[in-house]
Structure formats: structure tokens, C-alpha cells
Asks: 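Encoded as C-alpha cells, here's the structure I'll be asking about.
All ligand and atom numbering here is 1-based and tracks the order in the structure. These numbers were taken from a predicted model, which means no experiment stands behind them.
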Amino acid sequence: MRKGIVELMKNVCVLGMGYTGLPTALMLAAYGSDVVGVDINQALIEHLQEGKLTFSEEGLAELFNQALSNSIHFQSNCPEAQIYIVAVPTPFNIDTKRIDPSFLVTAINNILDVYLEGSIIIIESTVSPGTIDRHIRPAIEKRGIIIGKHVHLSHAPERIIPGSTIRELRENARVIGADTQEVAEAVRELYASFCSGDMVVTDIKTAEMAKIVENTYRDINIAFANELAKICRHDDLDVYKIIKIANMHPRVDILQPGPGVGGHCISVDPWFLVGDHPRLSLLIHEARKINDSMPEFVLERVYDISRENGDLDISRIGFYGLTYKENVDDIRESPSLQIVESMKKHLCAQHIKIYDPFIKANIVLNQYHDLDTFLADVDMVVILVAHNEIKENMGKLKDKIILDTRNCCDIDGVYTL
Ligand code: SAJ
């Protein structure tokens, strides 16, 4: 196989044109591979075929142009290829908290309908440890296809952070799980075509666990910051000042409290461990619960502040930010949407005013599309997301009552978590 590696690198199919698959496909094409990007969403494929991007990300447009001028095209059916990269969603079952591998298994079956003998299937989607043994190997073997002979398997989980996707794709260290050193080396060479980060080679199950552990570590650390915010609120202390002082200790590095943990990764992946090991994952479970309680905590703060200011008119309270974090257009598992849901339960969703510069489509009631119009209609602003836009327009908030859940505001008298 080593001899054919240069050829292999030229013929790559990426399945799943989302936040991970698309940048990865573009990067490979920009650095010389012949790439086919595949997605079951026909509308998304047509968009890409017309040369239009489906989400915004710093440096993505330039990379798209570079890839288009090399060799990339987009289609909805899976073609013959020698390397497949699978980057499809891996949600968790809401009741059992265990992984729902259905998208992954479908993608694998689509590959197996057309694969060339000796191809490598690299799974980049984040999976719960053991998923490849439990779901992927049996799906392949069921078809009489021998792993290690007809196809090879690898797990090389993505580690990129939305907002810095392109830089992190080029620079982050990667973990490559494979059954043999030979396959690992081929996969390493593929990624080394564009990535300067270290590549750690290991077995597949270790790679699965390492990725979940990274996101779980961050979730637990954010939960600690959020729990501190609640304790400090109770004792009338400034949590940000305390974290700043504590972080001056050489071995302390506390993260920032906020309105909750969103996104499709950190708020999902720890559940895999809880679902598979309910009696062993007590800290992980508690951290999830703390982070999931933050939208409700924000609402309690809103009601307290409203009372403190003579019972504000609820229809004059505006929420700034719908995305799960700053300067991205991704709303998956966003704490802002959880706040809207919660207000529905309190029967006051129809009064909520909300605005986000990154969200052009109408996805909630009373959504604004312009900062000035939004501000003109509210007396209190709840900052849920610290987009650059609001940081650059702080002057416009001077006469408002402000609850800043992101500690991004430098105006006197602002309320914090
Ligand atoms: N958040 C806080 N306080 C903080 C940091 C984050 O409340 O101090 C919140 C954010 O506002 C957001 C959520 O946590 O709602 C998650 O945001 P994030 O920026 O921490 O992470 P993601 O979800 O955008 O990306 C993570 C990254 N994982 C780690 O940093 C360990 C990224 O490297 C992974 O590739 C990505 O998950 C993924 O796809 O798994």
C-alpha cells in the first residue's frame, strides 16, 4: 500500500458537507488532492455547485476559491474513491443518551456500494468509544467485506474550533486511530498534505476516547465556572474578579461562566460517556446538568433585575444573540434558543425580542435584523453572545439596562451573571 500513497492522496471523497467536512474537503483540494464532496442534502449540493458557501467562517471563501481552481466537485451520490472521509452528524438519543449511529452507518453502506478494493475509510465524526467496533465493523462484515483486506478503517476525529476552523485545520495536532501501522501511515500522509501539527498514531478505540475526553474536559471546566457564578451571585461577589485573581496562580486556569454550553460538540459528546457508563460518570453528568441549567439561571437574573428596576415591561426586554457562541452563524444547541423555549413554558415567548447579526432567516418570533431598530424597541438588553458587532457598538447601549452574560461590556452599572 505504501507505494500507492501518492495516487491515493489524489482521489478522495468526503461525505458530509457540514462544518467539518466542507473545510476538510476544500483544504485537501487546495493542497492537490482530487476531491468529491458528497452530501445527501440536494439543496446544499446545488448551492456548492453554484459556487456559493453554506456557512461563514474566516478564510473559508478564499479556501473555496483555491479548491475550485484546483480539483473539487460536489454531488449527492457517493462515487468510487480510494480514500473516504466520513464527517456526518452523530447525535445522541435524547432518552438513552447513547450515540445514534444511523447517519454514520448509512454513509458507510453508501461507500460499500461503490468502494474500490483497498480503499481506506476514515471516520472523522465524533463517536462514543467503541462505536466503530459495535456498529461499523459489523455493518461492513455483514456484507461479506473483509476489513484489512477489501477495505481499511481509520478514526481521525476532527478537533477544529468554529471561528478558527481554517487555522486549526492547518495547525492542530491530530490523533490517528488505525488497525495497522501501514494504514495509519497512509492516513498521516494524507493529513500532512495540509496540516503541520503533530500526528499521534494509536488504535481506533483510543482515538475515539481521546476525542470525547477533550470535549468532556472542557464541558466540566465550563461547568465549574458556571457553578462559581451561581455561588458568587448568592454571596454578592464578582465572579469575574475572583476568576481573574485565581487564574494568576501558576496552576489555575478557570474558564468563563456564560448563559450555557451550546454547539453540536461540547453539549453532546459528554452524554456519550454518561449514556454508556451511567454509574461511572457522576462528575461528567453533574457538569452537563450545571451547564444545561444556565439558560434558566439567566432568566431568573432577568426577572430579578426587572423587579429591581420597578417591574420592567417584559415586551421591552431584548435578547442579543442567537448563535451558540460569538462570531459564528451556528445555532445548534444554542443557549439562546433554550431561553426562548423556556419563555414559551412561562407563556411569555410572544413578548420576547431577539436579534443576531449572523442570523438572516426568521427562526423565532419577534426577531430583528438590524441593531438600531432592535435597540429602539427595548429598555433592557440581555447580552447572550459577545459578537464583535456588539463590542464595537457599546456606545449605543449607554441608556439601557444591561445584563451582560458574557462579561464583554465595559459600561458602568451593567449587571452580570
Ligand atoms: N463557553 C463558555 N465558557 C468558556 C468557553 C466556552 O461558556 O469559557 C461556551 C461557548 O459559548 C459555547 C460552548 O461553550 O456555547 C462551546 O464553545 P467552545 O468554543 O468551547 O467549543 P466548540 O463547541 O465551538 O468546539 C469544541 C472544541 N473542543 C475543545 O476545545 C476541547 C473544538 O476543538 C472541537 O473540535 C469541537 O468542540 C468539536 O467539533 O468537537
Asks: Please set out all donor-acceptor pairs under 3.5 angstrom arising from side-chain atoms of residues 406-417, sequence neighbours excluded.
Replies:
{"from": "Arg406", "atom 1": "NE", "to": "Leu384", "atom 2": "O", "distance (Å)": "2.7"}
{"from": "Arg406", "atom 1": "NH2", "to": "Leu384", "atom 2": "O", "distance (Å)": "3.4"}
{"from": "Tyr415", "atom 1": "OH", "to": "Glu308", "atom 2": "OE2", "distance (Å)": "3.2"}
{"from": "Tyr415", "atom 1": "OH", "to": "Asn309", "atom 2": "ND2", "distance (Å)": "3.2"}

Asks: Taking it one step at a time, do Arg137 and Glu141 satisfy salt bridge (charged side-chain N to carboxylate O under 4.0 Å, His left out)?
Replies: CA-CA 6 Å; Arg137 292 186 200 275; Glu141 283 155 4; 5.9 Å; no

Asks: Mind jotting down which protein residues get a heavy-atom contact under 4.0 Å with ligand 1? Chain and number order, please.
Replies: Glu158, Arg159, Ile160, Ile161, Pro162, Lys211, Glu214, Asn215, Arg218, Ile222, Leu255, Gln256, Gly260, Val261, Gly262, Cys265, Ile266, Tyr324, Lys325, Arg406

Asks: Donor-acceptor pairs are to be reported for all side-chain atoms of residues 254-270 against protein atoms at under 3.5 Å, with residues two or more places apart or in another chain.
Replies:
{"from": "Ser267", "atom 1": "OG", "to": "Gly263", "atom 2": "O", "distance (Å)": "2.7"}
{"from": "Asp269", "atom 1": "OD2", "to": "Asn215", "atom 2": "ND2", "distance (Å)": "2.7"}

Asks: Check side chain to side chain contact (heavy atoms under 4.5 Å, CB included) between Pro278 and all other residues, then give those that pass, not counting sequence neighbours.
Replies: none

Asks: In terms of the angle between their ring planes, are Tyr320 and Phe374 parallel, tilted or perpendicular, with boundaries placed at 30° and 60°?
Replies: tilted

Asks: Can Lys211 and Glu158 be said to form a salt bridge (charged side-chain N to carboxylate O under 4.0 Å, His left out), step by step?
Replies: CA-CA 8 Å; Lys211 164 68 198 209; Glu158 58 86 12; 3.5 Å; yes

